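For reference, the structure is listed below as structure tokens.
The sequence lines fix the lettering, A, B, ..., with proteins before strands; numbering per chain opens at 1. Note that the structure is a prediction, hence the values are computed from the model and not measured.
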Protein chains: 2
Amino acid sequence: MSQNQILQSLIAENLVSDPTGARGRLLKEAARLFREKGYERTTVRDLAAAVGIQSGSLFHHFRTKEEILKAVMVETIRLNTALMQSAMEAADTPRDKLRALVRAELESINGQTGEAMAVLVFEWRSLSADSQAEVLELRDIYEALWLDVLGLLREQGALLAEPFVVRRMLTGALSWTVTWYRPERGGLTLDGLTDQVMAMLGFAATA
Amino acid sequence: MSQNQILQSLIAENLVSDPTGARGRLLKEAARLFREKGYERTTVRDLAAAVGIQSGSLFHHFRTKEEILKAVMVETIRLNTALMQSAMEAADTPRDKLRALVRAELESINGQTGEAMAVLVFEWRSLSADSQAEVLELRDIYEALWLDVLGLLREQGALLAEPFVVRRMLTGALSWTVTWYRPERGGLTLDGLTDQVMAMLGFAATA
DNA sequence: GACAATACCAAGCAAGCGCTTGGTTTGTAA
DNA sequence: TTACAAACCAAGCGCTTGCTTGGTATTGTC
């Protein structure tokens with residue numbers, strides 16, 4: 001299934017908003033602004049202006065500002081969980097599955113959903129405790145994908161460190177790319193970057 | 001030189017504030033609050049209350065709230081650069097130097113200066129562009145320490161990936177530990193965590 | 001073409017924000 | 001004891017914030 005097909009089916013199931021609709025457009029702009037200026041520094045007036053309405057009109061679509069932040073996070077996780085699952089299923093060996101996961105996460109961080117992913121990392125504390133708990137549940141689903149694959153590699157002896165530690169290190173390392181990786185300037189492509197990550201873990205690049 | 005000796009000499013040179021003095025205590029509380037609630041959500045009234053003065057009195061010590069954030073970051077970098085330099089010089093082989101750097105960075109992130117280090121990572125955007133430039137200059141000094149060591153290992157063939165990529169991945173991975181590593185509960189010590197990081201990079205633990 | 005429901009606007013409220021002001025206390029040294 | 005600066009307080013100003021309110025277009029449905 002292509003990336004776009006996955007997105008379409010999630011929209012059909014009402015799990016993520018159509019980016020061409022009013023709600024979807026707002027969430028996209030919100031992700032951009034939250035990443036650019038941070039959640040706190042982004043005012044409801046900024047958000048409204050970004051989609052061309054009055055600030056008060058926002059509250060017809062969302063009850064609070066925080067609900068917007070939460071929606072950005074929830075929808076991002078839903079989309080990326082689906083993308084990862086699909087990427088992983090397409091690979092055969094544990095090693096290739098790991099590469100697929102790394103590649104997929106790098107893509108979600110540095111591609112279309114990059115702004116929303118950065119928000120997920122950097123604006124976590126701005127969520128209320130209740131919302132944090134809800135979002136965490138969703139995250140667990142796709143963390144399990146990683147741990148399964150890393151566990152297999154560990155059994156094979158291809159990994160010297162503990163799977164749960166490696167996953168957490170990779171979470172940090174891959175998220176952090178958002179602060180420095182610029183594919184447009186400089187020769188490192190997404191596949192090249194994926195190779196570098198695999199090499200760092202001791203897996204030589206495939207031909 | 002012990003950690004404490006390094007701190008004392010920096011205080012003597014007026015490069016960091018004495019943590020027992022008024023300014024030092026404020027910076028320590030500021031780091032705690034900034035990390036706990038974020039810079040924007042921390043009010044000058046919070047900061048003042050934390051050291052037992054009125055909010056207006058803060059501005060006798062600092063001209064603006066942002067100046068407090070900047071001071072937290074600057075002093076943290078100064079201290080940690082000194083600590084890293086010292087840790088690295090004590091090691092002999094490139095491999096041991098790398099381990100010393102990893103261990104030192106994990107300690108600064110998860111030890112005494114942990115709150116300030118977390119602020120450095122998560123509140124970066126709250127600094128004005130001018131302040132960012134100033135702080136970046138300081139960072140470059142200790143980034144060079146890492147790149148030197150990683151470059152040596154690369155030449156030796158002990159590292160499969162590019163030094164600058166590895167350093168950036170490690171920055172993310174090690175910073176991220178602040179969100180999950182809890183030495184007090186759970187058996188993983190700081191040395192154990194350091195071993196795990198080295199193992200992830202393909203370096204087996206020494207006896 | 002009537003009628004809801006949905007989407008929006010214009011205006012502004014109450015609270016909280018960073019910071020300023022004018023004046024008082026405290027520490028230090030001659 | 002006096003002199004003076006550093007450290008602090010009490011009060012509050014001007015502004016921005018998230019959000020509410022009462023009303024008006026716009027849209028889809030039969």
Can you check the A/Gln54 CD to C/dT6 P distance for me, whole Å? 22 Å

Among D/dG18, C/dC17, D/dC8, the one nearest B/His61 by side-chain distance: D/dC8

Roughly, in whole Å, what's the span from NZ in A/Lys65 to P in D/dG18? 4 Å

In whole Å, what is the span from the CZ atom of A/Phe59 to the P atom of C/dT6? 20 Å

Any base atoms under 4.0 Å from A/Ser57, or only sugar-phosphate, or nothing? Heavy atoms, all strands. base

B/Val44 has its side chain closest, among D/dA6, C/dG18, D/dG18, to C/dG18

Taking atom CD of A/Gln112 as the centre, report whether more than 12 heavy atoms of other residues, nucleotides or ligands fall under 6.0 Å from it. no

Is B/Arg45 side chain donor-acceptor paired with the C/dG18 base, going by distance under 3.5 Å alone? yes

We want to know whether A/Arg45 and A/Ser55 form a side-chain donor-acceptor pair, criterion being a heavy-atom distance below 3.5 angstrom. no

For B/Arg41 and C/dG16, give me the distance from atom CZ to atom C1', rounded to whole Å. 13 Å

Once you apply a heavy-atom cut-off of 4.0 Å, does A/Thr64 come out as touching a base, just sugar-phosphate, or nothing? sugar-phosphate

Pick the nucleotide of DNA chain D nearest each of A/Gly56 and A/Asp46; which residue has the one closer to the 5' end? A/Asp46

Grab the NE2-P distance between A/His60 and C/dC9 for me, whole Å please. 11 Å

Spacing between B/Ile53 atom CD1 and C/dT25 atom P, to the nearest angstrom: 18 Å

Taking only Lys NZ, Arg NE, NH1 and NH2, and the carboxylate oxygens of Asp or Glu, determine whether A/Glu162 and A/Arg168 approach each other closer than 4.0 Å. no

Spacing between B/Leu58 atom CG and C/dT21 atom P, to the nearest angstrom: 17 Å

With a cut-off of 6.0 Å (strictly less than), are more than 12 heavy atoms of other residues, nucleotides or ligands near CZ of B/Arg125? yes

Spacing of A/Lys37 atom NZ relative to D/dT17 atom C1', expressed in whole Å: 13 Å

Any salt bridge between B/Arg103 and B/Glu107, counting N to O under 4.0 Å? yes

